[in-house]
Amino acid sequence: MPNEQFSGLSTAAVHAGEPRQRAFDAITPPIVHSATYTFRDSAELIAFQSGELEREEYGRYGNPTVRAVEARLAALESPSAPAAALLCASGMNALTTVMLALLPSGSHVILTDDGYRRTRQFVRTMLARLGVSHSVVAAADPTAIAAAIQPGRTRLIVTEAPTNPYLRVIDLAAVAQIAREHRIKTVIDATFATPYNMRPLEYGIDLVVHSCSKYLAGHNDLLAGVIIGRPPIISALRETQGILGGICDPHTAYLLGRGLKTFALRMERHNQNGQAVAEFLSRHPRVSRVHYPGLPSHPDHAIARAQMRGFGGVVSFEVVGNLQSAMAVVDRMRLAYIAPSFGGVESLVEQPALMSYYELSSEERLAVGIRDNLIRLSCGIEDASDLIADLQQALADE
Ligand SMILES: *Cc1c(COP(=O)(O)O)cnc(C)c1O
C-alpha cells in the first residue's frame with residue numbers, strides 16, 4: 001500500500017496515517033485499550049483465518065492506535081515509495097527483533113564502532129550464544145565494511161548514522177551498493193538523524209531503525225522503537241514480534257503520535273540550535289574540539305551535507321583539560337539537565353565517561369575512543385541565545 005501523498009514533511013507529520021473521517025468526530029485519535037477483539041460469529045472468524053478479511057485479532061498482533069502511528073512513521077521515512085513500519089517496546093527492542101529475525105545460527109553480522117553500546121553488547125553476548133559471529137569495524141568507513149564481509153556467512157550489516165558520540169556519517173549509497181553485491185541486508189540505526197534530516201531507504205538501505213524515545217516522541221516522556229522498510233520484510237518482522245512479544249502499547253503509541261504532530265517544527269529548531277551552539281563552541285578558547293557534522297572541520301562534513309538536510313541538536317565537544325575540567329563545566333551549566341538520552345524539548349548534557357562508560361578505566365575508555373574531557377550536549381528547543389549564554393558562563397574561568 002503506497003503511503004498517503006503529502007507534499008511536505010510537516011503536513012505528513014500532522015496528518016499521515018489518520019483517517020479523514022474521525023472516530024466519534026473527535027479530532028484526536030482514540031486510544032484503543034483492548035487486549036482482544038471480538039468476532040461476530042464463526043463465519044467471520046473463518047473469513048479472517050483464511051485471509052479473506054483483514055481485521056484485528058489480539059493485542060500482541062496489532063492495535064488500531066499503534067497502526068495509525070506506524071503508518072505516519074512509514075510516510076515520514078518513505079514519502080514516495082511503499083513502506084511499512086513496526087513499532088516496538090523500545091529502540092533496543094527494535095534492534096534485537098531485527099537481528100533475531102534476520103540472523104540464523106552460523107551466520108555473521110558486521111557492526112560499526114562509535115555506536116550504541118547496548119547493540120554491541122547484545123551481539124557479543126546473546127547472539128554469540130546463538131552461534132552468530134560478528135565483526136566490529138570503524139564507523140563511517142564503507143571500505144572497512146567491505147573488507148569484513150565473509151562471503152556466504154555475512155547476512156547483515158548494522159550501522160548507525162550519525163554515530164554516538166562522535167556523530168560520524170557513513171556514505172549510505174556506498175554501503176547499500178556493497179551489500180547488494182553480496183546479497184547482504186543493511187540496517188541503519190538513524191535515531192540521531194530522524195527522517196527530517198536523512199532518509200536511508202532512498203539510498204537503498206533495507207531497514208531503518210529509530211529509538212522513538214528521542215526526537216520522534218521528543219518530550220522525554222516515553223520509550224518506543226520502530227523498524228521501517230518495504231512491506232514484505234516488515235510483515236515478516238511483525239510475525240517475529242508476535243513471538244517475541246515486544247509490542248508498543250496503545251497509550252505510548254498515542255503519546256508518540258501526539259509528539260509527532262510537532263516533529264518538523266521541533267527538528268527545525270534542534271538543527272538551528274545544534275548548528276549555532278557548535279559554531280559558538282568551535283570559537284571558544286577553552287574548547288579543544290567540537291564534533292558536529294555541520295562544521296567544516298568534521299571528517300564527514302561533505303557526505304553529511306550531501307545526505308542530510310540538517311545535523312540535529314546533539315553536539316559533542318572536548319574541553320581543555322581532563323575529566324575534572326569537563327565535570328566543572330557540566331556542573332556550572334544551568335539550563336541543560338544532567339541525564340542520559342537526547343532529542344527532547346529540554347536540553348540534556350552528559351559526560352560519556354561518567355554515563356555510558358562509567359565502569360571502564362580511563363585507559364579502557366580511551367581504547368574504545370571515549371575521552372574523559374568529552375561532553376555530549378543535546379540542544380533542546382530553547383532559544384539558541386540562552387543556550388549559548390549558559391555555555392559562555394559555564395566555560396568562563398572561575
Ligand atoms: C537511545 C538509542 C537506542 C536505544 O533506544 P531505547 O528506546 O532507549 O531502547 C538505540 N540506538 C541509538 C542510536 C539510541 O540513541
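In listed order, ligands and their atoms are each counted from 1. Numbers for residues simply follow the sequence, beginning at 1.
For the pair Gln241 (side chain) and Leu87 (backbone), a donor-acceptor distance under 3.5 Å is present. Checked by atom type and distance alone, the side chain of Arg60 never pairs as donor or acceptor with a backbone atom of Gly245 at under 3.5 Å. Side chain of His291 to backbone of Val315: no donor-acceptor contact under 3.5 angstrom is found.
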(Q) Determine whether Ser347 and Glu382 satisfy the following criterion, side-chain hydrogen bond (donor to acceptor under 3.5 Å, both in side chains), listing intermediate values before the conclusion. (A) CA-CA 8 Å; Ser347 291; Glu382 301 93 341; 2.7 Å; yes
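Among the atoms of Phe192, none of the N or O lies under 3.5 angstrom from an N or O of ligand 1. Ligand 1 has an N or O atom lying under 3.5 Å from an N or O atom of Met92, backbone or side chain. Between Glu160 and ligand 1, no N or O atom pair is found at a separation short of 3.5 Å.
Judged by a 6.0 Å distance limit and a 45° cone about the ring axis, Arg266 is not positioned over the six-membered ring of Tyr196.
Considering only heavy atoms from C-beta on, Tyr37 comes within 4.5 Å of Pro64 through its side chain.
Shown in contact with Ser213 at under 4.0 Å from a heavy atom are these atoms of ligand 1, numbered in order with element: 6 (P), 7 (O). Atoms of ligand 1 found under 4.0 Å from any heavy atom of Phe342 (numbered from 1 in listed order, with element): 15 (O). For ligand 1, the atoms lying closer than 4.0 Å to a non-hydrogen atom of Ala224 are 7 (O). Taking every heavy atom of Gly91 and a limit of under 4.0 angstrom, the matching atoms of ligand 1 come to 5 (O), 6 (P), 7 (O), 9 (O).
Looking at Lys214 against ligand 1, only its side chain comes within 4.0 Å, counting heavy atoms. No part of Cys212 comes within 4.0 Å of ligand 1, judged by heavy-atom distances.
Both Ile170 and Ile178 belong to a common hydrophobic cluster when Ile, Leu, Val, Met, Phe, Trp and Tyr are linked at side-chain heavy-atom distances under 4.5 angstrom.
Considering only non-hydrogen atoms, atom 10 (C) of ligand 1 lies nearest to Asp189 out of Asn93, Asp189, Thr191.
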